[in-house]
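The structure appears below as structure tokens.
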Amino acid sequence: MGWRGILGFEYGIVQAPLGPDISGPQLVAAVANAGALGLLRAPDSVCSCFPVAYRGLLFFNSCINSLLTVIYSESPDYLRGLIKTTRTLTDKPFGVGVVLAFPFEENLKVILEEKVAVLQISWGDCTRELVDKAHAAGVKVVPQVGNIEGAKQAIEAGVDGIIVQGLEAGGHVMGQDSLITLVPRVVDLVGDREIPVIAAGGIVDSRGYVAALALGAQGVCLGTRFVATEESNAHSTYKRKLVEFDETAYTDVFGRARWPGAPHRVLQTPFYKEWRSLPAQENEANQPIIGHSTINGVDKDIRRFAGTVPNVTTIGDLESMVMFAGEGVGLIKEILPAGEVVKQLVEGAQLIIQQNLN
């Protein structure tokens, strides 16, 4: 049955690369040790804001009546350290997620030099050149797509697997289709090619796992459920909210300056409900600082409406910070060890299949 392993891993379960640093070495290693695929997130950060163009990322902030350019930096040395630390915690393979919308070449170089098992990419073009470069280093490539066009591009590029993200997903959401319609279409598109389709979006338990298998997927990718684990780098307040709240919203309120045109799904916290009608011309650039974090080794100010979730180092007005979550959050009842999450997913799926589908 489809709950068996994919991409050389024992089980068909993927832990999403939770940004900016929520899926650190402890979480990734715990997932890997449980037989699933854990993904680090390659660091990308905002350096500063200058009135000059860089990579075409030029935005207008009418509130301060000036042109604002957000400049990003890569952290290849820090990423290498994350990979090496993870390897001290597990002897199992794992991967790294890279957002192609931000500078990534130096981070990619480290990933290939370190020969991690899987390169997961999102928010950008999956090209044959990129895939060939990874394959030459012995690294498998698994893009995340949100529509049929992205799936076609991935297949043509020769990828090793495809994560299909539905509108139900938490965090930044790429497409507009639900899993129940998108996954079967991508499965049909893949046909008899040996490219496993992995469903992502709103899946938190074994029932969602089996439902994805019924749609034709061979695996599932979970984000919110792994944020709510003991090993995740999320702040305890964020984790607690994932247990307490059961409603999400698809919005663009947070992080407009840093990542324009990237809608996201968040918890409907009191702060979100108060500001959900934020005027389109507003963004975090001219907002007051409400907290501070150390993210991937760098001290950061957090402004109101920033798209930065609180990690374990965060201090300040946590109740007013963004908290990403998928539609399945209402099914999360407790914070568990990551290995237990994998175990429950696998054993629960096996039981459902044996009792109801044989």
Side-chain angles (χ1 to χ4, degrees), residues 1-17 35-39 93-100 108 111-112 115-169 173-203 208-223 345-346 349 353 357:
M1 297 298 293
W3 51 263
R4 300 187 189 278
I6 55 173
L7 299 168
F9 292 83
E10 187 175 355
Y11 301 124
I13 298 167
V14 180
Q15 163 253 305
L37 169 55
L39 296 171
F94 57 90
V96 179
V98 173
V99 177
L100 299 181
L108 176 63
I111 292 168
L112 302 187
K115 298 185 182 300
V116 301
V118 173
L119 167 66
Q120 188 266 1
I121 55 176
S122 60
W123 287 88
D125 291 333
C126 178
T127 65
R128 169 68 72 170
E129 180 184 7
L130 177 59
V131 173
D132 287 347
K133 184 183 295 186
H135 284 172
V139 177
K140 296 177 180 177
V141 180
V142 180
Q144 179 173 282
V145 305
N147 51 47
I148 289 296
E149 291 71 24
K152 289 179 179 177
Q153 183 185 60
I155 293 170
E156 292 171 358
V159 300
D160 301 281
I162 301 174
I163 297 174
V164 179
Q165 184 194 53
L167 187 60
E168 304 91 337
V173 184
M174 305 173 68
Q176 295 292 316
D177 296 318
S178 66
L179 278 183
I180 199 167
T181 58
L182 186 57
V183 168
R185 293 184 67 196
V186 175
V187 169
D188 290 347
L189 191 66
V190 168
D192 59 2
R193 300 177 181 88
E194 294 185 1
I195 303 175
V197 174
I198 303 160
I203 301 170
Y209 191 176
V210 175
L213 298 179
L215 295 173
Q218 292 176 263
V220 289
C221 179
L222 291 78
L345 283 165
V346 173
I353 290 169
L357 302 179

Distance in Å, Leu119 CG paired with Leu112 CG, rounded so as to fall on 0.5 Å steps: 7.0 Å
On a heavy-atom basis, the closest approach of Gly95 and Leu37 is N-CD1, 3.9 Å
Atom pairs and distances, donor-acceptor, side-chain atoms in residues 135-147, under 3.5 Å, two or more places apart:
{"unit_1": "His135", "atom_1": "NE2", "unit_2": "Asp160", "atom_2": "OD1", "d": "3.4"}
{"unit_1": "His135", "atom_1": "NE2", "unit_2": "Asp160", "atom_2": "OD2", "d": "2.7"}
{"unit_1": "Lys140", "atom_1": "NZ", "unit_2": "Leu7", "atom_2": "O", "d": "3.0"}
{"unit_1": "Asn147", "atom_1": "OD1", "unit_2": "Glu149", "atom_2": "N", "d": "3.3"}
{"unit_1": "Asn147", "atom_1": "OD1", "unit_2": "Gly150", "atom_2": "N", "d": "2.7"}

Looking only at non-hydrogen atoms, find the nearest pair between Cys126 and Val159 and report the distance. SG-CG1, 3.4 Å
Hits for side-chain hydrogen bond (donor to acceptor under 3.5 Å, both in side chains) against Glu156, two or more places apart or cross-chain, chain-then-number order -> none
Gln15 CD to Leu222 CG distance, which is reported to the nearest 0.5 Å: 9.5 Å
Please report the interatomic distance CD1(Ile180) to CG(Leu182), rounded to the nearest 0.5 Å. 12.0 Å
Smallest heavy-atom separation, Ile198 atom then Cys221 atom, equals CG2-N, 3.6 Å
Report the C-alpha distance between Leu39 and Val14 in whole Å, list the side-chain angles of each, state the deciding distance to 0.1 Å, and finish with yes or no for side-chain contact (heavy atoms from CB on, under 4.5 Å). CA-CA 8 Å; Leu39 296 171; Val14 180; 3.7 Å; yes
Smallest heavy-atom separation, Gly201 atom then Leu179 atom, equals O-CD1, 3.2 Å
Drop me the distance from Gln153's CD to Ile162's CD1, to the nearest 0.5 angstrom. 10.5 Å
Which residues pass the side chain to side chain contact (heavy atoms under 4.5 Å, CB included) test with Ala117, sequence neighbours left out? Phe9, Pro93
Applying salt bridge (charged side-chain N to carboxylate O under 4.0 Å, His left out), which residue pairs with at least one partner in residues 122-138 are found, sequence neighbours left out? Arg128-Asp132
By side chain to side chain contact (heavy atoms under 4.5 Å, CB included), Ala214 pairs with (sequence neighbours left out) none
Hey, could you give me the CG/CD distance between Asp177 and Glu168, rounded to the nearest 0.5 Å? 9.5 Å
Which heavy-atom pair separates Val173 from Leu167 by the least distance, and what is that distance? CG1-CA, 3.9 Å
Rounded to the nearest 0.5 angstrom, the OG1-CD1 distance for Thr127 and Ile121 is 7.5 Å
List the atom pairs, with distances to 0.1 Å, where a side-chain N or O of residues 185-194 and a protein N or O form a donor-acceptor pair under 3.5 Å, not counting sequence neighbours.
{"unit_1": "Arg193", "atom_1": "NH1", "unit_2": "Leu189", "atom_2": "O", "d": "2.9"}
{"unit_1": "Arg193", "atom_1": "NH1", "unit_2": "Val190", "atom_2": "O", "d": "3.0"}

Tell me the closest heavy-atom pair linking Tyr209 and Ile203, and the distance in Å. N-CG2, 3.9 Å
